[in-house]
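Here is the structure we will look at, set down as structure tokens.
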Amino acid sequence: LGFLGNYINNKGSFSLLASTNGLLCIQYIADGKRHRVRTILIANPATQQAQPVPGTARHLFQGRVVGLVFDPPNEPSSIEEHKIDQPKEQLSEKDHNKFKIVQAIPIKNISYTTTGFRFVIFSSDTGRWVMSNTIVNANIKEDECDKVVYASGVLYWDYQDSLLWFDVSKSSGGIIKMPWMIQGSKSEKWDRHSIDTSIDDVLVCTTITKDGLAIYRLVEGGIHYWEL
């Protein structure tokens, strides 16, 4: 990450907030004499380019995970490259690096029995932050999330027993119960799990228990369900 030299120095620290399809979202905190300055960078190691994201101090809660939406443009196949009668579409550098940053903001309701989530979004197209009108209410015990995964146009937040999901293009969201919750098992047996993206861009949940390792695929077809 030497190409980040224009934005960072040896007097600060940086951490990886999110990565999607090769694009990185990096947080850099500079140790100033009077106060610490926080900068969020989007970096592409493949192109050796980086750019700061404006307005993060006002819109992103520090310490909460963020989701990164990035779909790299499809590279033309070798056959298509040799088609003289079909000119290849030229993509600008901006088109190559279109991205969105999303953070789920928990809001306790009046009764404190459920947690409502709203979504603050930054788009590289507009260069602005917006707050989505979408509110997802969920019966989630803890509002701390360790990981966000992007798969097939949807972001997923891992809240231990539940998945919070948000479709950025449709501005819709919801809650999906984890496989062990659907099976009626106690969550303590399934504490060792991880969500990730498979090679065909499908969300998977890997669990490890005393019975062994299991991998579940999230199938979308009008209604979400888990497939072992």
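Hydrogens, waters and symmetry mates play no part in the numbers below; they use all other heavy atoms, side chains included.
Considering only residues two or more places apart in sequence or on other chains, I199 meets the side-chain contact (heavy atoms from CB on, under 4.5 Å) condition with none of them. With sequence neighbours excluded, the residues satisfying side-chain hydrogen bond (donor to acceptor under 3.5 Å, both in side chains) with D167 are S169. Listed by chain and residue number, nothing satisfies the side-chain hydrogen bond (donor to acceptor under 3.5 Å, both in side chains) test with S15 (two or more places apart in sequence, or in another chain). Partners of Q51 under the side-chain contact (heavy atoms from CB on, under 4.5 Å) rule, at least two apart in sequence or in another chain, are I42, F99. The side-chain hydrogen bond (donor to acceptor under 3.5 Å, both in side chains) test applied to S132 returns T134, S171, not counting sequence neighbours. Considering only residues two or more places apart in sequence or on other chains, Y7 meets the side-chain contact (heavy atoms from CB on, under 4.5 Å) condition with L41, A50, P52. For A104, the side-chain contact (heavy atoms from CB on, under 4.5 Å) partners are F117, F119, W157, L164, not counting sequence neighbours. Legend: residues meeting side-chain hydrogen bond (donor to acceptor under 3.5 Å, both in side chains) with E227, ordered by chain and number and at least two apart, are R217. Checked against ring pair (Phe, Tyr, Trp, His ring centres under 6.0 Å), W226 has no partners two or more places apart in sequence or in another chain.
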Could you give me the CA-CA distance, side-chain angles and deciding distance for L17 and V65, then say whether side chain to side chain contact (heavy atoms under 4.5 Å, CB included) is met?
CA-CA 7 Å; L17 295 184; V65 295; over 6 Å; no
Would N44 and L24 count as a side chain to side chain contact (heavy atoms under 4.5 Å, CB included) if you check the C-alpha gap in whole Å, the side-chain angles of each, and the deciding distance to 0.1 Å?
CA-CA 6 Å; N44 191 331; L24 309 180; over 6 Å; no
Evaluate the side chain to side chain contact (heavy atoms under 4.5 Å, CB included) criterion for residues T56 and T39: first the C-alpha distance (whole Å), next the side-chain angles of each, then the deciding distance (0.1 Å), finally the verdict.
CA-CA 7 Å; T56 54; T39 303; over 6 Å; no
Dump the intermediate steps for side chain to side chain contact (heavy atoms under 4.5 Å, CB included) on T115 and I107, then the final yes or no.
CA-CA 6 Å; T115 299; I107 305 170; over 6 Å; no
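Taking CD1 from I105 and CD1 from I135, the interatomic distance works out to 12.5 Å, rounded to the nearest 0.5 Å. With values rounded to the nearest 0.5 angstrom, F70 atom CZ is found 11.5 Å from K98 atom NZ. In this structure, the separation between CD on Q62 and CD on Q103 is 10.5 Å, given to the nearest 0.5 Å. Rounding to the nearest 0.5 Å gives a distance of 9.0 Å between OG1 of T207 and NE2 of H193. Atom-to-atom distance recorded for D161:CG and M178:CE is 8.0 Å, nearest 0.5 angstrom. Summarising the geometry, atom CG belonging to L163 is positioned 13.0 Å from atom NZ belonging to K177; distances are rounded to the nearest 0.5 Å.
Smallest separation of non-hydrogen atoms from S198 and V204: CB-CG1, 3.9 Å. Between G116 and N137, the closest heavy-atom pair is CA-OD1, 3.5 Å. Residues L23 and A43 share a closest heavy-atom pair of CD1-O, 3.6 Å. In terms of heavy-atom proximity, Q160 sits nearest to W180 at O-CZ2, 3.0 Å.
Atom CZ of F61 has 12 or fewer heavy atoms from other residues, nucleotides or ligands within 6.0 Å.
The ring of W165 has its center no closer than 6.0 angstrom to the ring center of Y156.
At least one side-chain heavy atom of V136 sits less than 4.5 Å from a side-chain heavy atom of I175. Considering only heavy atoms from C-beta on, C25 comes within 4.5 Å of I101 through its side chain. Contact check for I26 versus L4: side-chain heavy atoms found under the 4.5 Å cut-off. Taking the side chain as every heavy atom from C-beta outward, I40 and F122 never approach each other to under 4.5 Å. Inter-residue side-chain proximity for V53 and W129 is flagged as met; some heavy-atom pair is nearer than 4.5 Å.
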Which pairs of donor and acceptor atoms, one on a side chain in residues 147-154, lie under 3.5 Å apart (sequence neighbours left out)?
residue: K147; atom: NZ; partner: S194; partner atom: OG; Å: 3.4
residue: K147; atom: NZ; partner: I195; partner atom: O; Å: 2.8
residue: K147; atom: NZ; partner: D196; partner atom: OD2; Å: 3.4
residue: Y150; atom: OH; partner: D71; partner atom: OD1; Å: 3.3
residue: Y150; atom: OH; partner: D71; partner atom: OD2; Å: 2.6
residue: S152; atom: OG; partner: D201; partner atom: O; Å: 2.5
residue: S152; atom: OG; partner: D201; partner atom: OD2; Å: 3.3

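Listed by first and then second residue, the side-chain hydrogen bond (donor to acceptor under 3.5 Å, both in side chains) pairs involving residues 18-27 are Q27-R38 (not counting sequence neighbours).
With hydrophobic clusters built from ILVMFWY side chains whose heavy atoms lie under 4.5 angstrom apart, I176 does not share a cluster with V202.
Side-chain N or O atoms of H59 include one that pairs as donor or acceptor with a backbone N or O of G55 at under 3.5 Å.
With a 4.5 Å cut-off between side-chain heavy atoms of Ile, Leu, Val, Met, Phe, Trp and Tyr, the cluster of V219 takes in Y225.
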